[in-house]
A.B. asks: 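I'd like to ask you about the structure that follows.
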Amino acid sequence: MNVRQLLDLTGKTALITGGSRGLGLQMAEALGEMGARIAITARKQNELDAAIQHLRAIGIDGQAFSCDVAARDTIAPLVDGVLGAFGKIDILINNAGLAWGAPAEDHPIDAWDRLVGVNLTGAFLLSQQIAKRSMIPQKWGRIVNIASIMGLTANDPRIARTVAYNATKHGLIGLTRQLAAEWGEHHITVNALCPGYFPSRMTRSLLDATGTAILEATPTGRLGNDEDLKGAVVLLASEASRHITGQALAVDGGATII
């Protein structure tokens with residue numbers, strides 16, 4: 001296979017959680033541009049409708065499925081819907097996530113539970129369902145968990161105090177490695193992408209308050225943009241990554257090497 005063939009996703013079906021906006025929608029664009037059939041899920045139907053309209057405007061035909069991945073009883077019906085529409089799921093991008101800022105000593109336990117439910121438990125249950133019902137039977141699959149550089153390091157408390165977010169993203173990287181170890185025999189690779197700071201609804205207030213300090217601590221001196229995750233997610237979703245599994249790739253302008 002040549003390099004174009006290794007990266008080609010024609011005939012594959014990709015499900016992206018949190019795919020209605022931000023990094024999730026950008027990754028849906030990338031996978032669709034490489035030929036994958038796209039399914040996106042998120043909680044808000046109006047945002048899903050807008051995302052599908054956007055994808056179709058750039059020549060990508062996708063379908064939307066409303067789901068809250070923290071609600072455990074909605075996971076199986078979501079998989080039912082996507083399998084019913086597409087017949088299989090080859091690529092899963094676990095992108096849905098929440099953040100919460102508070103000093104560790106004052107962090108609300110209900111917020112902790114909510115972050116664990118979305119950022120970690122939801123990703124596991126969806127991976128479990130899709131592996132068992134589609135990837136293991138077909139002996140091929142790609143799972144990409146969207147973690148964070150906060151899953152690789154601790155936060156400087158002068159920038160952010162996000163104990164639950166960091167804990168769940170560290171956990172997601174651990175989940176990535178264990179699933180990679182167990183499912184490699186089925187030709188399923190499981191990897192994590194760890195974005196640094198990208199402008200988004202989730203990071204807006206943090207960047208407004210500490211953006212200068214973040215840029216000063218980043219070797220490239222820039223934030224991530226709308227294209228900076230696209231190549232990485234295509235690599236990890238394609239045949240080109242068949243010998244890469246259990247890895248956590250930082251896409252952060254070098255912030256975590258300092």
A.B. asks: Working to the nearest 0.5 angstrom, can you tell me the gap between Ile93 CD1 and Leu229 CG?
C.D. replies: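 Between Ile93 CD1 and Leu229 CG, I get 10.5 Å after rounding to 0.5 Å.
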A.B. asks: Determine whether Lys88 and Arg133 make a side-chain contact, defined as any pair of heavy atoms from C-beta on separated by less than 4.5 Å.
C.D. replies: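 Side chain of Lys88 against side chain of Arg133, heavy atoms only: no contact under 4.5 Å found.
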A.B. asks: In terms of hydrophobic clustering (I, L, V, M, F, W, Y; side-chain heavy atoms under 4.5 Å; direct or indirect links), are Phe198 and Leu206 co-clustered?
C.D. replies: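 No, separate clusters.
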A.B. asks: How long is the gap from CD1 on Ile136 to NE2 on His187, to the nearest 0.5 Å?
C.D. replies: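 Answer for the CD1-NE2 pair, Ile136 versus His187, is 12.0 Å.
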A.B. asks: Are any of the side-chain nitrogens in Lys44 or Asp49 under 4.0 Å away from the carboxylate oxygens of its partner?
C.D. replies: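 Looking at Asp49 together with Lys44, the answer is no, because their closest N to O distance does not fall below 4.0 Å.
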A.B. asks: Give a yes or no on whether the backbone of Lys139 and the side-chain of His186 come within a donor-acceptor separation of less than 3.5 Å.
C.D. replies: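 Looks like no, no N/O pair under 3.5 Å.
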A.B. asks: Can you tell me if Asn94 and Ser127 form a side-chain donor-acceptor pair at under 3.5 Å?
C.D. replies: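 Short answer, yes.
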A.B. asks: Salt bridge or not for Glu227 and Lys230, using N-O below 4.0 Å?
C.D. replies: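 No salt bridge links Glu227 with Lys230.
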A.B. asks: Look up atom CG in Leu235 and atom OG in Ser241, then write down how far apart they are to the nearest 0.5 Å.
C.D. replies: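 Between atom CG of Leu235 and atom OG of Ser241 there are 5.5 Å.
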A.B. asks: Looking at Asp228 and Arg222, does any basic side-chain N land under 4.0 Å from a carboxylate oxygen?
C.D. replies: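 Salt bridge flag = yes for Arg222 with Asp228.
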A.B. asks: Scan the side chains in residues 115-122 for donor-acceptor partners under 3.5 Å anywhere in the protein, sequence neighbours excluded, and list what turns up.
C.D. replies:
from: Asn119; atom 1: OD1; to: Leu98; atom 2: N; distance (Å): 2.8
from: Asn119; atom 1: ND2; to: Leu98; atom 2: O; distance (Å): 2.9
from: Asn119; atom 1: ND2; to: Thr168; atom 2: OG1; distance (Å): 3.1
from: Thr121; atom 1: OG1; to: Val116; atom 2: O; distance (Å): 3.4

A.B. asks: Is the closest side-chain heavy-atom distance between Leu9 and Glu239 below 4.5 Å?
C.D. replies: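 A side-chain contact is absent here, since even the closest heavy-atom pair is not under 4.5 Å.
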A.B. asks: Only one of Asn191, Asn145, Thr245 forms a side chain to side chain donor-acceptor pair (under 3.5 Å) with Thr176, so which one is it?
C.D. replies: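 For Thr176, the side chain to side chain donor-acceptor pair (under 3.5 Å) test succeeds with only one of Asn191, Asn145, Thr245, which is Asn145.
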A.B. asks: Other residues, nucleotides and ligands only: do more than 12 of their heavy atoms fall within 6.0 Å of CD on Gln53?
C.D. replies: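 Incorrect, the count does not exceed 12.
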A.B. asks: What's the spacing between Leu92 CG and Ile16 CD1 if we round to 0.5 Å?
C.D. replies: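 Answer for the CG-CD1 pair, Leu92 versus Ile16, is 9.0 Å.
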A.B. asks: Using 30° and 60° as the class limits, which term best fits the ring planes of Trp100 and His107: parallel, tilted or perpendicular?
C.D. replies: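 Ring orientation of Trp100 relative to His107: tilted.
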A.B. asks: Measure the CG-CD1 distance between Leu249 and Ile244 for me, rounded to the nearest 0.5 Å.
C.D. replies: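 One gets 9.0 Å once the value is rounded to the nearest 0.5 Å.
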A.B. asks: Determine the minimum heavy-atom distance between Thr74 and Cys67, stating which atoms define it.
C.D. replies: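 That closest heavy-atom pairing would be OG1-SG, 3.2 Å.
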A.B. asks: State whether the number of non-hydrogen atoms from other residues, nucleotides or ligands found under 6.0 Å of Arg56 atom CZ is greater than 12.
C.D. replies: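 Atom CZ in Arg56 is packed in, count exceeds 12.
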A.B. asks: Testing the basics here: between Ile40 and Ser20, what is the closest heavy-atom pair and its distance to 0.1 Å?
C.D. replies: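 Distance-wise, the nearest heavy atoms are CD1-CA, 4.4 Å.
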A.B. asks: Looking at CG of Leu78 and CZ of Phe65, how far apart are the two atoms once the value is rounded to the nearest 0.5 Å?
C.D. replies: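 Rounded to the nearest 0.5 Å, the CG-CZ separation comes out at 7.5 Å.
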A.B. asks: Any salt bridge linking Asp68 with Arg114? Criterion: basic side-chain nitrogen under 4.0 Å from a carboxylate oxygen.
C.D. replies: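 Yes, charged N to carboxylate O under 4.0 Å.
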A.B. asks: Applying the side-chain contact (heavy atoms from CB on, under 4.5 Å) test to Ile38, which of Asp61, Leu55, Ile91 qualifies?
C.D. replies: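 For Ile38, the side-chain contact (heavy atoms from CB on, under 4.5 Å) check succeeds only for Leu55.
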A.B. asks: Looking at every heavy atom in both Val163 and Ala104, which two are closest together, and how far apart are they?
C.D. replies: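 Closest pair (atom of Val163, atom of Ala104, distance): CG1-CA, 4.0 Å.
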A.B. asks: Taking atom CH2 as the centre, does Trp140 end up with more than 12 heavy-atom neighbours from other residues, nucleotides or ligands that are less than 6.0 angstrom away?
C.D. replies: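 Check passes, neighbour count above 12.
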A.B. asks: Could you walk me through whether Asp156 and Arg161 pass salt bridge (Lys or Arg N to Asp or Glu O under 4.0 Å), step by step?
C.D. replies: CA-CA 8 Å; Asp156 182 338; Arg161 296 172 184 250; over 6 Å; no
